[in-house]
Number of protein chains: 2
Amino acid sequence: MTTIYDVAKRCQVSTATVSMVLTNKGRISDKTRKRVLDAVSELGYIYNQAAANLRHKRSNSVGLLIPDIVNPFYAELIAGLSGYLEENEVLLFLAHTEENVAKQNRLIESLISQNAGGLILCPAPDTDKQFLSSVKHRGIPIVQVVRQCDDAISDYVGTNNFLGVQMATEHLIRQGHRHIAFVGGSLSSQTRAHRIGGYMAKLLEHGIAPNEHYMVSCKASRADGASATHTLLDAHPEITAIIGYQDIVAFGVMRAIKDRGLRVGKDIAVIGFDDVPEASDSSPNLSTVSVSARKIGEAAGECVLARMRGDSANIKSVIFPPQLCIRRSCG
Amino acid sequence: MTTIYDVAKRCQVSTATVSMVLTNKGRISDKTRKRVLDAVSELGYIYNQAAANLRHKRSNSVGLLIPDIVNPFYAELIAGLSGYLEENEVLLFLAHTEENVAKQNRLIESLISQNAGGLILCPAPDTDKQFLSSVKHRGIPIVQVVRQCDDAISDYVGTNNFLGVQMATEHLIRQGHRHIAFVGGSLSSQTRAHRIGGYMAKLLEHGIAPNEHYMVSCKASRADGASATHTLLDAHPEITAIIGYQDIVAFGVMRAIKDRGLRVGKDIAVIGFDDVPEASDSSPNLSTVSVSARKIGEAAGECVLARMRGDSANIKSVIFPPQLCIRRSCG
DNA sequence: CTGAAAGCGCTTACAG
DNA sequence: CTGAAAGCGCTTACAG
């Protein structure tokens, strides 16, 4: 491995000079600079950023912790984030927590140990706030995305879940639906609480009494969405509309409806949440609450980098307004 | 920031002792060990792995470079890889090359500079072999996945593309199809060359002359798959079957067929490649060549870690056999 | 404009 | 069983 020292020896200067050339600091004569640069390429020297970071007590990487890489919503988020980081020459650690707090904690420790300068976290259910605080106290900025385990603990980038589902519910009610179900999400999820809140608030606003049997939780997959829907419709055939907690669940809901010989959008209306790419491509294509995951990723990147660079403004939340995207699945 | 030095001072031992406790090396008396461990938790000390790595000339992170995070195939691959790495306490850098060689090169340099100990690369088209060789000469192991820019340059984990498409083509021919098209992939792609090779070989085997107008390339998205299909069917209405280069393209193919008022699986058969999760969920669900992206991810992880740990066996290829998965989209 | 030297947080042979 | 000291590859204040 060739180091700054080899380069220095090769062109008869000190390592300080080489370092200054490499980092564009101090005044170096053009001849010296050229000598150094030539030696660099002749030797195939690669700058050791990790060593520089150690010396600097600085970092140029951030860690992203997400619960479910297979959900295309997160793929979009990563696309937005990684593009932003790349422009800023910051590297991305990706950690897959799989909704498991213990794993999440382990991964956070590893990331810090590995010198990630900031963390972007979509917290697993029952995330330990104490633990997050202790990370913050170590000076590692955290920004929560999509989900928020506690309001006042860190910056947050996400959408207005309450409003999003309100819009969806309102639309269904205006279409004449009265038996509207809500499928998906895990019981302990704050995000689900907000979404269900929007759903119930709209029902009440229109004088419809929320029926607790119409709200079922399930895991974030097509298969779970489908089986939850079968159970639900077996018990409550009067239901004419279903809001999916996430698109991925809504896809399962649609499949179940079709498997029962019913028509999505005619017999039962479906609306999802997220607007993943497939939503515009399914049959029928899925009406959904659109949240630009890409923008969330970008904004989260912007936010951590600012904090890493010393921005010490008050904790803030960046909330992107949701948009209702009406397609064929709701008639 | 608390260091090994603070811990040492707190329990009146040397930093060497603390280091040994932390890494479970040397003989440390139980009392001393306990003293150290207590101090560690009292001070909230976090081991600086990056510093240890510098000292060791070692690394516990690998970089993954992928061209298209939004394609669910890669999400699956990441799931497999990240699970394996996590078990081995290795961190993952994720780099998104977006099919751009210049960006890919920049990212590779950054990853090395950042002390990634190995690279898993799904090479962008026209990847520079020279550049990859120079990386290898620096002692950074590379394993190529899914695509291979050159046979002899590094380990490779992927599937048998030729065979996979042969199986698909064979199936269609047996169903009686004679006008079979192939949609997708970029012209410079080796992988596409292999897949098209399998397609043509099977046609020839059955005495069907390949028609160059039946092979169209397009970008890896639903929208591009759809528009390529429209153009194709406008010019060649006699076509009764289409093989999609990837599932994501095949979804677009299906959409175009439906938009033309034709029935997928009845009027035109469709087969994809990859078997992403949506394939079993689309309407109709998509017949496809199944390649376990998850397994590829895992195997690639296994392979780089082995190399990082000094395995110097000859370059090898791990080829997973493709499986034809017949569903409704091909009748 | 350039060099000598200390130090980032850790490890490890070498003494004792 | 434990400590003193050199060194991983870089940077930076201080001289000159």
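Chain naming here is simple, since letters A, B, ... match the order of the sequence lines and numbering starts at 1 in each. Quantities reported herein were computed from a predicted structural model and do not represent experimental measurements.
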Determine whether more than 12 heavy atoms belonging to other residues, nucleotides or ligands lie under 6.0 Å from atom CZ of F131(B).
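Yes, enclosed.
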Might you confirm whether atom NZ of K103(A) has over 12 heavy atoms from other residues, nucleotides or ligands at distances under 6.0 Å?
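Counting other residues, nucleotides and ligands, NZ of K103(A) exceeds 12 neighbours.
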d([atom1], [X]; [atom2], [N]) in whole Å:
X: R55(B); N: dG9(C); atom1: CZ; atom2: C1'; value: 11 Å
X: N53(A); N: dC10(C); atom1: CG; atom2: P; value: 15 Å
X: R58(B); N: dT12(C); atom1: CZ; atom2: C1'; value: 12 Å
X: Y47(A); N: dC10(D); atom1: OH; atom2: P; value: 8 Å
X: Y5(A); N: dC10(D); atom1: OH; atom2: P; value: 13 Å
X: N115(B); N: dC10(C); atom1: CG; atom2: C1'; value: 14 Å
X: K57(B); N: dC10(C); atom1: NZ; atom2: C1'; value: 14 Å
X: I4(A); N: dG3(C); atom1: CD1; atom2: C1'; value: 13 Å

Nearest of [options] to any side-chain atom of [X]?
X: T32(B); options: dC1(D), dT11(C), dG9(D); answer: dC1(D)
X: M20(A); options: dG3(D), dT11(D), dT12(D); answer: dT12(D)
X: H56(A); options: dT11(D), dG3(D), dC1(D); answer: dT11(D)
X: L54(B); options: dT11(C), dA4(C), dC8(D); answer: dC8(D)
X: A16(A); options: dG9(C), dA5(D), dA5(C); answer: dA5(C)
X: T23(B); options: dT11(C), dG7(C), dT12(D); answer: dT11(C)
X: T17(A); options: dG3(D), dT2(C), dT11(D); answer: dT2(C)
X: V13(B); options: dT11(D), dG3(D), dG3(C); answer: dG3(D)

Would you please say whether a donor-acceptor pair under 3.5 Å links the side chains of S61(A) and Q114(B)?
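S61(A) vs Q114(B): no donor-acceptor pair found between side chains.
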Between S186(B) and S189(B), is any side-chain donor less than 3.5 angstrom from a side-chain acceptor?
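Looking only at side-chain atoms, S189(B) and S186(B) do not form any donor-acceptor pair under 3.5 Å.
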Can you confirm whether L111(A) sits close enough to L91(B) that some side-chain heavy atom of one is under 4.5 Å from a side-chain heavy atom of the other?
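Side chain of L111(A) against side chain of L91(B), heavy atoms only: contact under 4.5 Å found.
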How many angstroms lie between atom NZ of K9(B) and atom OG of S14(B), to the nearest 0.5 angstrom?
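K9(B) atom NZ to S14(B) atom OG measures 14.5 Å (nearest 0.5 Å).
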Below the 4.0 Å mark, does [N] have OP1 or OP2 next to a side-chain nitrogen or oxygen of [X]?
X: T3(A); N: dG9(D); answer: no
X: S19(A); N: dT11(D); answer: yes
X: K25(B); N: dT11(C); answer: no
X: S29(B); N: dT2(D); answer: yes

Option among I120(B), D155(B), L65(B) that satisfies the side-chain contact (heavy atoms from CB on, under 4.5 Å) test with V145(B):
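Answer after filtering I120(B), D155(B), L65(B): I120(B).
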Just by distance, do the side chain of N88(B) and the backbone of V90(B) share a donor-acceptor pair under 3.5 Å?
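Not confirmed, N88(B) side chain does not pair with V90(B) backbone.
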Which part of the nucleic acid, if any, lies within reach of A52(A) when heavy atoms closer than 4.0 Å are counted: base, sugar-phosphate only, or nothing?
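Sugar-phosphate: the residue A52(A), judged by heavy atoms under 4.0 Å, touches backbone atoms but no base.
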How does DNA chain C read in dot-bracket, base by base from 5' to 3', with Watson-Crick or G-U pairs under 3.5 Å and | used when the partner is on another strand?
|||.||||||||.|||
